[in-house]
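Values below: every heavy atom of this structure, side chains too, minus hydrogens, waters and symmetry copies. Chain identifiers are assigned alphabetically (A, B, ...) following the order of the sequence lines, protein sequences preceding nucleic acid strands; residue numbering begins at 1 within each chain.
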There are 2 protein chains.
Amino acid sequence: MTQTPPDNLETLRKEIANRYQTLSPRLKQVASYVIDNPNDIGLETLSVIASRCNVQPSTIVRFAKAFGYRGASDMQRLFRNEILSASPAPSYSERIRQFRKRSDEVDWLSPHNVLHDFAESNIIALEHLREVVLPADLEKSVELMHKAHTVYLAGVRRSFPVAAYLAYSLSHVEKRAFLLDGVAGMTSEQSWMLGPEDVVIAISFRPYSDDTAAVAERARANGAPLIAISDSRLSPIARDAAVCFEIKDAEVRQFRSLTASMCIAQTLVISYAYKYGAEKPKIGDERR
Amino acid sequence: MTQTPPDNLETLRKEIANRYQTLSPRLKQVASYVIDNPNDIGLETLSVIASRCNVQPSTIVRFAKAFGYRGASDMQRLFRNEILSASPAPSYSERIRQFRKRSDEVDWLSPHNVLHDFAESNIIALEHLREVVLPADLEKSVELMHKAHTVYLAGVRRSFPVAAYLAYSLSHVEKRAFLLDGVAGMTSEQSWMLGPEDVVIAISFRPYSDDTAAVAERARANGAPLIAISDSRLSPIARDAAVCFEIKDAEVRQFRSLTASMCIAQTLVISYAYKYGAEKPKIGDERR
DNA sequence: CCAGGAATGAAAAATATGTTTCACTGCGCA
DNA sequence: TGCGCAGTGAAACATATTTTTCATTCCTGG
């Protein structure tokens with residue numbers, strides 16, 4: 001038990017984070033809830049907080065005592081004060097006005113602004129994506145994956161994360177998937193084995209990688225169906241593809257995002273899993 | 001006594017204003033206090049509100065009843081709800097819950113529906129992201145990366161794509177970056193070299209990987225600053241982090257997305273590049 | 001000046017809330 | 001196997017808070 005109960009929210013947060021590992025399971029539940037829903041702690045009664053954490057009221061008291069307070073009320077007082085000091089009760093219009101002002105003052109170079117721009121343009125890219133992708137392409141891809149003995153993933157450089165994600169998540173829904181990752185420069189050695197019973201998902205964007213194009217070419221030569229994720233139907237990998245997803249990803253200051261590509265990848269995996277995959281993708285998954 | 005108790009703060013305000021003249025002196029006192037200190041009404045107990053108005057607790061009850069509520073508690077609930085809904089906008093979990101409800105109504109998810117849902121929840125996640133990330137955290141991270149001799153990336157399984165992306169794009173803006181990728185199971189062998197002059201970016205989500213946690217622990221032991229990208233401040237890697245980005249990524253049918261994490265990763269790289277990075281991409285190189 | 005009734009304060013009663021206790025479970029360890 | 005102990009849930013208990021009651025005050029109209 002702590003000797004010095006934290007007297008402001010920030011230090012309490014840190015203290016909880018530090019000691020989280022050492023807490024008992026129930027106290028961990030409470031800890032997460034306290035961190036995630038500070039308002040509730042201040043506003044609701046013990047029993048409703050308790051039921052929201054799936055815990056007994058007494059556990060909340062134990063939690064508070066574990067952090068040095070004399071009781072749960074003691075701790076709640078802290079959160080109430082925080083609410084009181086955080087919102088000096090200005091009117092709504094006042095708050096809106098202040099928010100506007102703040103975002104106008106931001107200098108355009110700050111990281112925060114980069115984040116804002118990035119989030120914004122990713123959002124636009126996602127909205128675009130769901131409009132232009134043809135349902136038939138998705139269904140066809142799912143069928144190809146289903147019929148395939150093995151799914152091979154090809155993608156390097158900027159596209160590598162997408163390929164890696166696909167390899168990881170497909171194998172987690174119990175679809176045999178291999179990443180042609182070119183470790184030790186073995187991409188071509190890895191791809192001789194492609195056959196008509198497999199499927200290749202190749203991901204590549206301008207300027208197209210020779211490696212990935214070679215895999216696509218090998219797939220064509222060996223009769224393996226190809227699903228292409230690319231920025232143009234004219235790209236080297238799209239040429240002989242059974243399905244081609246033409247993805248326009250967001251671009252901020254010359255940096256292209258991967259959001260839309262990742263979104264398509266995830267959609268493929270989930271659609272596959274939903275239709276054919278193992279029902280339980282993960283074990284030990286904690287729910288809130 | 002009013003038949004219809006106002007069910008939101010705005011109408012209650014109007015109602016009070018309308019009837020103010022007709023109220024008894026004590027009720028007028030209460031009325032002014034209620035108008036001026038809405039937070040107190042929600043947060044404090046009747047007796048402290050009463051004493052702040054120089055009034056008896058019973059008067060507060062009378063006031064509430066005069067406006068149609070069944071008791072003072074009834075009226076207080078209104079103010080609490082107002083505080084809950086006003087402070088952090090609709091919370092992320094709330095928005096997700098609402099979205100879930102909508103998409104649950106479609107019982108069979110075609111691939112196209114999956115895409116739609118995925119795009120939608122990624123958008124929500126991105127909107128949430130840009131609201132909760134602290135500019136100071138971004139700036140601090142950029143400074144840490146700048147001062148570091150080398151940036152080490154740790155992330156496995158689902159987080160691997162993010163780490164891979166960071167390694168790739170950082171080295172393309174001429175920042176020395178290595179992926180602790182555990183090829184040949186060498187993660188721990190790779191991480192002994194971390195030192196105070198470096199920085200580690202560790203990415204891990206529930207259920208947390210022991211490998212990544214070990215790297216974080218090693219970073220701490222060796223005095224290397226740590227930037228954590230995780231889903232909770234309570235995660236093993238967040239404990240000793242100099243900066244922790246708490247990312248709530250989208251989740252559709254148990255599958256968690258990477259959109260928000262990727263967005264943060266990209267923001268870090270671009271912000272770094274903008275402030276310190278090489279001005280021009282290398283000739284003939286893929287756009288970053 | 002004196003009813004009569006609304007408004008008020010004080011305190012009792014009712015209720016809700018927070019805290020403590022205790023018995024039980026599951027687990028590590030001799 | 002049995003002991004001891006930390007962790008937990010349920011319920012008893014104590015406290016705080018709200019609501020009601022009732023006696024008193026204050027004002028108004030006859």
(request) Verify the contact: side-chain N or O of B/Q76 to OP1 or OP2 of D/dT18, cut-off strictly under 4.0 Å; return yes or no. (result) yes
(message) If we ignore hydrogens and angles and just use 3.5 Å, is the side chain of B/N122 paired with the main-chain N or O of B/A250 as donor and acceptor?
(response) no
(message) Using only atom types and a distance under 3.5 Å, with no angle test, would you say the side chain of B/D231 pairs donor to acceptor with the backbone of B/R206?
(response) yes
(message) Regarding B/K140 and B/D137, does a basic nitrogen lie under 4.0 Å from an acidic carboxylate oxygen?
(response) no
(request) Starting from C1' on D/dA16, measure out to CG on A/D74 and report it in whole angstrom. (result) 15 Å
(request) Decide, yes or no, whether a salt bridge links B/K248 with B/E246 under the criterion of side-chain N to carboxylate O below 4.0 Å. (result) yes
(message) Between C1' on D/dA16 and CD on B/E44, what's the gap in Å once rounded to a whole number?
(response) 14 Å
(request) For B/L46 and C/dT15, give me the distance from atom CG to atom C1', rounded to whole Å. (result) 13 Å
(request) Round to a whole Å and report the spacing from NZ of A/K65 to P of C/dT19. (result) 7 Å
(request) Let me know the distance between CD1 of A/I60 and P of D/dA10, rounded to the nearest Å. (result) 14 Å
(request) Starting from P on D/dT19, measure out to CZ on B/F63 and report it in whole angstrom. (result) 14 Å
(request) Produce a footprint string for nucleotides 4-9 of chain C: one letter per nucleotide, 5' end first; B if the base is under 4.0 Å from any protein heavy atom, S if only the sugar-phosphate is, - if neither. (result) ---SBB
(message) From the set C/dT19, C/dT17, D/dT19, return the single nucleotide nearest to any side-chain atom of B/V61.
(response) D/dT19
Determine all donor-acceptor pairs shorter than 3.5 Å in which one atom belongs to a side chain in residues 46-53 of chain A; sequence neighbours excluded.
{"from": "A/S47", "atom 1": "OG", "to": "A/T45", "atom 2": "OG1", "distance (Å)": "3.3"}
{"from": "A/S51", "atom 1": "OG", "to": "A/V48", "atom 2": "O", "distance (Å)": "3.1"}
{"from": "A/R52", "atom 1": "NH1", "to": "A/D40", "atom 2": "OD2", "distance (Å)": "2.6"}

(request) Indicate yes or no for a side-chain donor-acceptor contact from B/N8 to the backbone of B/E10 under 3.5 Å, with no hydrogens or angles considered. (result) yes
(message) If I take atom CZ in residue B/R70 and atom C1' in nucleotide C/dA16, what distance separates them, rounded to the nearest angstrom?
(response) 14 Å
